[in-house]
Amino acid sequence: MRLSRPARKFWLTVHLLCSIGWVGAVAAYLVLDAQATVGQDVRTLQAAYLAMRMVTWWAIVPLAFASFVTGLVLALGTKWGLVRHWWVVISLVLTVFAIGVLLVETQTINNHAALASDPTTTDEELRSLPGTLVHSIGGLVVLLVVLVLNMYKPKGLTRYGWRKQREERSINK
Amino acid sequence: MDEDPTASSEDDDRDGPPPLPGWVKVVAIVFFALLLLIGIILIAGHGPGDHAALRLLPPQ
């Protein structure tokens, strides 16, 4: 099913909003994560871990899923398709990968925030918590790669895309 | 995805399926190389993921 032009514009607007919002939320998280990784002050660490949990659950996770769903709607509702062009396939794979890592990381973030808010946690325990900086940086890089692919749309048909293109041409002739 | 793909491309008149574009290979190689590197760093426990390793000041 093809989307009408107004519908396509609407979904594209929502998709851009969610995708750019996702990148922005990860950037905000990265600042907190860096502070938590290099910080010494226990109150700063507590504040950073609690803020990281809030940013994750109230911004990153909803925006990630919204971006994924709106991307699917756009791919399936336009001639781009989901598996016709390599840039769409790679964007999809990277997005699914990023969401998978994000969901795993939410457990770590919950754990850190719970320890930060627990009055029985000692300062040393809080200082020795493992950081999530590698995942934050990796996540941001993946999102930027997807952004570049979506902007430049490099050429390259998949086998399926090439076959469908030939079928459509033969029908039109 | 703001516009539909153009009707013509370099893949149009091929007899067989198009080859895998070079940029796809580059993206795949870089992705798996970074994945491997991050995996090694995390398993070794001495990278930026190691909270204690990045301390700028000694613990008080």
Side-chain angles (χ1 to χ4, degrees), chain A residues 2 8-9 11-12 15-16 34 36-40 42 45 71 73-75 77-81 84-90 93-94 97 123-124 127-138 141-142 145 149-150 152-163 165-166 168-169 172, chain B:
Chain A
R2 293 277 182 267
R8 203 171 69 226
K9 290 283 179 193
W11 284 107
L12 179 65
H15 182 63
L16 285 175
T37 304
V38 300
Q40 274 291 296
V42 171
L45 284 177
V73 171
L74 278 172
T78 63
K79 283 185 180 176
W80 286 109
R84 290 185 179 203
H85 297 264
W86 277 112
W87 73 266
V88 181
V89 174
I90 291 179
V93 169
L94 290 179
F97 176 76
D123 293 358
E124 208 44 52
R127 286 196 184 107
S128 63
L129 287 175
T132 59
L133 204 55
V134 168
H135 295 103
S136 310
I137 294 170
V141 169
V142 166
V145 169
L149 285 178
N150 277 260
Y152 286 90
K153 300 177 177 61
K155 284 184 176 178
L157 285 172
T158 61
R159 278 172 180 261
Y160 173 79
W162 172 79
R163 206 167 54 239
Q165 194 178 63
R166 283 176 71 100
E168 285 167 7
R169 292 236 175 102
N172 290 337
Chain B
M1 294 189 186
D2 53 342
E3 57 195 34
D4 286 341
T6 51
S8 63
S9 74
E10 78 276 24
D11 303 311
D12 284 358
D13 301 320
R14 291 183 192 280
D15 290 330
L20 195 66
W23 68 267
V24 175
K25 293 174 190 168
V26 171
V27 168
I29 289 168
V30 170
F31 176 74
F32 285 111
L34 285 176
L35 205 62
L36 190 67
L37 182 68
I38 289 172
I40 290 168
I41 288 172
L42 289 178
I43 290 168
H46 298 298
D50 185 357
H51 191 270
L54 262 188
R55 288 259 165 264
L56 296 181
L57 300 169
Q60 293 171 346

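Proteins come first, then strands; the chains are lettered A, B, ... in the order of their sequence lines, and each starts at number 1.
Atom CZ in A:Phe97 sits 4.0 Å away from atom CZ in B:Phe31 (nearest 0.5 Å). One finds the CD1 atom of A:Ile137 at 8.5 Å from the CD1 atom of B:Ile38 (value rounded to the nearest 0.5 Å).
Nearest heavy-atom pair, A:Gly156 versus B:Pro21, reported as atom, atom and distance to 0.1 Å: CA-CG, 3.7 Å.
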Checklist entry - Checking side chain to side chain contact (heavy atoms under 4.5 Å, CB included) for the pair A:Trp87/B:Val24: CA distance, chi angles, key distance, verdict? => result CA-CA 8 Å; A:Trp87 73 266; B:Val24 175; over 6 Å; no
Item to check | side chain to side chain contact (heavy atoms under 4.5 Å, CB included) assessment of A:Leu149 paired with B:Trp23 | outcome: CA-CA 11 Å; A:Leu149 285 178; B:Trp23 68 267; 3.6 Å; yes
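Heavy atoms of A:Ser136 lying under 4.5 Å from chain B are absent altogether.
Taking chain B as the reference chain and counting heavy-atom pairs below 4.5 Å, the highest number among A:His135, A:Arg159, A:Arg84 is found for A:Arg159.
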